[in-house]
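One structure is given here, and the rest of the page talks about it.
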Amino acid sequence: MRGMQKPSRWEHFEHGADIGVRGYGDSLEEAFEQIGLALTAVITDLNKVECEQTVTVQCDAPDDELLLADWLNAIIYEMAIRSMLFSRFQVSIKNHVLQGTLCGEIVDIQKHNPAVEIKGATYTALQVTCKQQDNWCAQCVVDV
Amino acid sequence: MHSAWWMSDMDLALFQRHTETGWEIAPHGNMRVPAVIYADEQLVRDMDHKVYEQLCNVATLPGIVKAAYAMPDAHWGYGFPIGGVAAFDPDEGGVISAGGVGFDISCGVRTLHTGLKKQDIQEHKQALADVLFYKVPAGVGSTGPIHLNETQMTEMLCHGARWAVKQGYGTEEDLTRTEENGCMRGAIPDYVSERARKRQRNEMGTLGSGNHYLEVQYITDIYDEQIANSYGLQAGDVVISIHCGSRGLGHQIGTEFLKEMAVSAASYGISLPDRELACAPINSDIGQKYLGAMRSGINCALANRQIITHLTREAFAQVLPQAELRLLYDVSHNTCKLESHELDGISRKLFIHRKGATRAYGPGHSEIPEALRATGQPVLIGGSMGTGSYILAGTKESEQQAFSSACHGAGRAMSRHKATKKWRGRALVDELASRGILIRSPSMRGVAEEAPGAYKDVSEVVDAADKAGLARKVARLEPLVVIKG
């Protein structure tokens with residue numbers, strides 16, 4: 001997976017009751033992969049999540065920002081219904097249609113010590129920007 | 001109280017101060033009505049400027065009636081401020097907003113009597129904490145005792161706590177002490193997606209995480225003897241409070257309709273000052289679908305709190321069989337409800353959004369259970385693990401102030417990130433134990449994020465609500481046992 005070979009380029013940012021997630025990348029796709037890591041890191045230590053099972057998702061939305069919210073919500077949904085945590089992400093996007101692969105394992109309370117459950121991606125601070133051709137940033141606040 | 005870290009302080013020059021606790025923003029720009037904040041000066045100063053911005057934005061929405069309101073605990077939310085109240089008239093193009101209800105549809109609090117005094121439980125506290133933690137599923141990945149098939153799910157979404165009681169999880173008396181008598185009318189489960197149902201399959205009867213909790217508390221102070229008597233509350237009484245919502249189902253409904261409303265707003269001629277304010281006319285296809293789905297979400301939350309009540313009763317039966325757990329009341333603080341309100345002498349049917357705000361009907365209101373009607377609706381205000389919670393009562397004045405609404409809690413004063421830097425979960429658990437407060441949680445990091453010091457002082461919020469006439473202060477509670485997700 002492409003997401004596993006790059007150095008981590010994600011961070012959290014502060015918001016009132018909740019938390020912001022942000023991913024950077026050389027491409028839109030990479031920024032989306034990185035923000036997936038930021039999302040899991042809200043819940044647990046990323047290094048503790050093994051890549052044992054993969055899940056594929058598809059999202060489509062009229063613009064990059066809504067697509068980002070959809071992507072995060074797709075991850076949140078798969079985490080919820082499968083009781084899984086994901087530590088690797090691969091994304092391809094064509095014409096506002098996203099194909100994503102998530103890789104992770106079933107949540108283990110002892111091992112992962114999950115801090116909080118994420119309810120959904122909000123439209124607060126929801127932004128997808130490209131400063132130069134290869135300097136993408138994707139971010140939003142998630143409700144916990 | 002310190003200003004929080006992410007915000008710029010509120011500029012008081014933006015307001016006309018009408019009373020000690022009433023701050024009005026005159027309509028400007030596209031605002032259709034004024035905006036009003038109820039809080040004392042310090043609370044307003046400490047509020048994020050975003051509250052001002054979001055409240056002004058809400059005031060621009062089509063069909064809004066009278067004013068956009070913020071409660072004393074208002075803070076930066078998603079489109080609507082948390083602690084926001086707004087009424088819409090469907091006949092004047094009024095809208096309904098998924099963000100104005102929030103992701104955790106019908107999140108709320110219920111408080112139960114136990115018939116016990118603080119001294120009755122002291123030596124059983126450890127056992128009680130352990131059994132409650134074992135019985136009530138809490139935290140990420142926890143699953144409930146009940147798994148619903150499609151037919152049962154639809155029944156639950158139609159009938160809420162009434163369905164739960166029919167399954168044996170509680171009593172008829174519980175229903176009379178729940179808003180809407182435990183069943184939100186007008187739920188249309190057909191509008192609840194397959195994905196939302198799937199997300200709920202294993203989550204019935206679970207607390208969730210974040211700021212959700214189950215607490216065994218005792219009453220430290222009574223402020224209004226007469227109302228406390230009618231609620232059956234005395235100093236030293238042990239009570240239980242449960243704070244949670246509609247779990248994965250509500251979150252998924254919120255997520256899906258937020259997008260649908262954001263994408264379709266322009267087609268309804270609604271120009272959104274902020275995408276998060278995504279909304280649709282109440283009298284539109286999407287508006288009606290959301291209403292049917294959101295009401296199903298309310299029923300899910302009511303059923304969920306009812307099942308947790310049953311599990312709590314089972315735990316008490318094991319440890320303290322002499323306890324009799326009777327429901328005082330169940331209130332929701334993330335809703336949109338159709339209510340009758342009098343405006344200029346005329347009764348009007350309005351859709352009232354309360355996002356992080358509690359309904360607070362005053363004495364005599366027909367929606368209040370008969371036994372409590374003379375004194376007004378109990379308003380249940382949650383605190384943090386180490387600080388007090390409060391019980392207030394709805395007032396007559398509140399009807400005129402903010403469509404019978406009051407605050408819902410303390411609100412954070414520090415980010416989760418800062419809290420984990422400042423506190424360690426284990427040390428907090430030990431410190432609280434030395435104060436007689438037992439914490440049980442699957443996640444020590446979760447405990448650190450929810451540290452009492454990360455929250456504002458709820459007593460300042462409650463005092464402001466009392467002063468503003470939104471609700472009357474009745475009793476203060478302190479935790480003895482906390483089950484935290």
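Letters go in sequence order (proteins before strands), and every chain restarts at 1. Only a predicted model underlies this, so the values are computations on that prediction, with no experimental measurement involved.
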Using only atom types and a distance under 3.5 Å, with no angle test, would you say the side chain of A:Glu14 pairs donor to acceptor with the backbone of B:Ser415? no
Can you list everything that forms a ring pair (Phe, Tyr, Trp, His ring centres under 6.0 Å) with A:Phe86? Sequence neighbours excluded, please. none
At a 4.5 Å cut-off on heavy atoms, which part of B:Ala454 comes close to chain A: side chain, backbone, both, or neither? neither
Is the closest side-chain heavy-atom distance between A:Tyr123 and B:Lys259 below 4.5 Å? yes
For residues 124-144 of chain A, the salt bridge (charged side-chain N to carboxylate O under 4.0 Å, His left out) pairs (sequence neighbours left out) are none
I want to check something: taking the side chain as every heavy atom from C-beta on, are B:Gln252 and A:Lys119 in contact at a cut-off of under 4.5 Å? no
Non-hydrogen atoms of B:Arg445 and A:Val42 that approach each other most closely: NH2-O, 2.6 Å
Minimum side-chain heavy-atom gap A:Pro62-B:Val263 below 4.5 Å: yes
For the atom pair OG (A:Ser83) and CD (B:Glu203), what is the distance rounded to the nearest 0.5 Å? 8.0 Å
Given that the side chain runs from C-beta out, which part of A:Ala69 has a heavy atom under 4.5 Å from chain B: side chain, backbone, both or neither? neither
Between OG on residue B:Ser443 and NE2 on residue A:His112, distance to nearest 0.5 Å: 12.5 Å
Does the gap between the ring centers of A:His15 and B:Tyr78 come in under 6.0 Å? yes
Considering only NZ, NE, NH1 and NH2 on the basic side and carboxylate oxygens on the acidic side, decide whether B:Arg199 and A:Glu78 come within less than 4.0 Å. no
Contacting region of A:Val107 [heavy-atom separation from chain B under 4.5 Å]: side chain
Of the backbone (N, CA, C, O) and the side chain (C-beta and beyond), which part of A:Asp63 lies under 4.5 Å from a heavy atom of chain B, both, or neither? side chain
With a 4.5 Å cut-off on side-chain heavy atoms, are A:Thr122 and B:Phe103 touching? yes
Compare all side-chain heavy atoms of B:Val140 with those of A:Val116 and state whether any distance is below 4.5 angstrom. no
Can you confirm whether more than 12 heavy atoms, excluding those of A:Lys111, are under 6.0 Å from its NZ atom? yes
Quick check on A:Ile106 against chain B: is it the side chain, the backbone, both or neither that has a heavy atom closer than 4.5 Å? neither
Hey, is B:Arg275 close enough to A:Glu65 for a salt bridge, meaning N to O under 4.0 Å? yes
State the OH-NE2 distance between A:Tyr77 and B:His251, to the nearest 0.5 angstrom. 14.5 Å
Does B:His417 have more than 12 heavy atoms from other residues, nucleotides or ligands lying within 6.0 Å of its NE2? no
Let me confirm one number: the CD1-CZ distance from A:Ile81 to B:Arg201, rounded to the nearest 0.5 Å. 7.0 Å
Pick one of side chain, backbone, both or neither for B:Glu276, based on which atoms fall under 4.5 Å of a heavy atom in chain A. both
Looking only at heavy atoms, what is the nearest atom pair of B:Ser209 and A:Glu117, with distance? OG-N, 2.7 Å
Closest non-hydrogen contact found for A:Thr124 with B:Gly77 is OG1-O, 4.0 Å
Nearest 0.5 angstrom please: B:Thr255 OG1 to A:Leu72 CG, how far? 10.5 Å
